[in-house]
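Notes follow the structure.
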Amino acid sequence: MDKSAKIYVAGHRGMVGSAIVRELKRQGYNNIVVRTHSELDLTRQSDVEEFFATEKPEYVFLAAAKVGGIAANSAMPADFMYINMMLEMNVIHAAWANGCKKLEFLGSSCIYPRLAPQPMPESCLLTSSLEQTNEAYALAKISGLKYCEYLRKQHGADFISVMPTNLYGPGDNYHPENSHVLPALIRRFHEAKTSGLKTVTCWGDGSPLREFLYVDDLAQLCVYLMNTYSGSETVNAGTGEELTIRELTELVAKIVGYEGEILWDTSRPNGTPRKLLDVSKAKKLGWTYSTKLPEGIALAYSDYLQRIDDGTLQTSR
């Protein structure tokens, strides 16, 4: 990408999109186009088509999505499928129809089967059934990935996709009910500490294994791939390292400074037993992560505290 090329980052206010904007600016890209949801509703096809026809971005990072944890995905599967399918198809199609040079679609590791081989290679996509608790979201992300693949096959479009593992960092969603596990733990332990609670109860039994990638590391990979990679197969983005939810919970409690007892509600779902990405492809392409988990959690907690101070943290329950 030329430093002055017009680059559209869809979802720039989200955790991933804002990290991509930071990385682009850090590398000297100076013609970044963004729109808030109130300025451009990506689920409205005519509005998206008008935007692309007017702006004609040369490159697109599609990081916009409706995201959430197990509770949100289980409670609102129709919303997760409809909103994500609509915005993906609208943006990808309009980008192709208006001559976009390259588009990068951001997915999620939940696209892989519930009982996929571990670590999960890109080639295991659609080989068996998905995890039920986030099936709707996964199906939407698979559709976006496949549409990019089919546009490449049918029309030669240089559209690529990246599938990140569990992400965390600045700009994360700390909603008490709709957030992912790591930010949810940060908020829960912080509130327990400040309230003097003697116990904190977490979902499941703590046995599932998870992998976590700091969002700024992902952003660096996204820009790197936009400049270096062209291929129909997606690229996994992760650390290749994992820990149990119980170990993660204890680590977050330590970093936040909560010293009470941690209890486990085994009547609640665990989710997928294990989700570790095979990141050998990304390594062969020349990328590896740099932020270790304890360092990243400390940075995320600092961001959380800053958002409390400046009043931008969502507090509704």
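Each residue takes its place number in the sequence, starting with 1.
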### Query
Take atom CD in E50; do more than 12 heavy atoms of anything else shown fall under 6.0 Å from it?
no
### Message
Looking at K56, I want to see if its NZ is surrounded by more than 12 non-hydrogen atoms of other residues, nucleotides or ligands under 6.0 Å.
### Response
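Atom NZ in K56 is crowded, with more than 12 foreign heavy atoms closer than 6.0 Å.
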Could you tell me if the side chain of [Y] sits less than 4.5 Å from the side chain of [X], heavy atoms only?
X: K141; Y: E88; value: yes
X: L263; Y: C202; value: no
X: L225; Y: N227; value: no
X: L167; Y: V16; value: yes
X: D172; Y: Y304; value: no
X: D278; Y: M120; value: no
X: I160; Y: C148; value: no

Check this for me: does any side-chain nitrogen of one of [X] and [Y] sit under 4.0 Å from a carboxylate oxygen of the other?
X: E58; Y: K6; value: no
X: D216; Y: R22; value: yes
X: K101; Y: D158; value: no
X: E295; Y: K292; value: no
X: E242; Y: R274; value: yes
X: E55; Y: R35; value: yes

### Query
Are Y59 and Y8 close enough that their ring centers fall under 6.0 Å?
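No: the rings miss the under 6.0 Å criterion.
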### Query
So, for F105 and F61, is the gap between ring centers shorter than 6.0 Å?
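Here the rings of F61 and F105 have centres that are no less than 6.0 Å from each other.
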Under a 3.5 Å threshold, yes or no: a donor from one side chain and an acceptor from the other, between [X] and [Y]?
X: S290; Y: D217; answer: yes
X: T239; Y: E241; answer: no
X: N236; Y: Y112; answer: yes

### Task
Identify, with sequence neighbours excluded, every residue that meets salt bridge (charged side-chain N to carboxylate O under 4.0 Å, His left out) alongside E149.
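Here the qualifying residues are K146.
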### Query
Of all residues at least two apart in sequence or in a different chain, which pass the salt bridge (charged side-chain N to carboxylate O under 4.0 Å, His left out) check with D47?
R44
Consider only side-chain heavy atoms of I, L, V, M, F, W and Y, link residues closer than 4.5 Å, and tell whether [X] and [Y] are in one cluster.
X: L197; Y: I308; answer: no
X: I297; Y: L209; answer: no
X: L40; Y: V34; answer: no

Is there a donor-acceptor pair closer than 3.5 Å between any side-chain N or O of [X] and the backbone N or O of [Y]?
X: S195; Y: A192; result: no
X: E39; Y: T36; result: yes
X: E250; Y: E247; result: no
X: N134; Y: N73; result: no
X: T43; Y: I83; result: no
X: E211; Y: G240; result: yes
X: Q118; Y: L276; result: yes

### Message
Exactly one of K281, K153, R152 should register a salt bridge (charged side-chain N to carboxylate O under 4.0 Å, His left out) with E233. Which one does?
### Response
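By the salt bridge (charged side-chain N to carboxylate O under 4.0 Å, His left out) criterion, E233 pairs with just one of K281, K153, R152: K281.
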Gap separating the [atom1] atom of [X] from the [atom2] atom of [Y], nearest 0.5 angstrom:
X: L243; Y: L248; atom1: CG; atom2: CG; value: 5.5 Å
X: K3; Y: N30; atom1: NZ; atom2: CG; value: 9.5 Å
X: T228; Y: M226; atom1: OG1; atom2: CE; value: 11.0 Å

### Query
Which class fits the ring pair H93 and W96: parallel under 30°, tilted 30 to 60°, perpendicular over 60°?
tilted
### Message
If the test is ring-ring contact (aromatic ring centres under 6.0 Å, His included), which one of Y258, Y174, Y301 qualifies with F189?
### Response
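Only one of Y258, Y174, Y301 forms a ring-ring contact (aromatic ring centres under 6.0 Å, His included) with F189, namely Y258.
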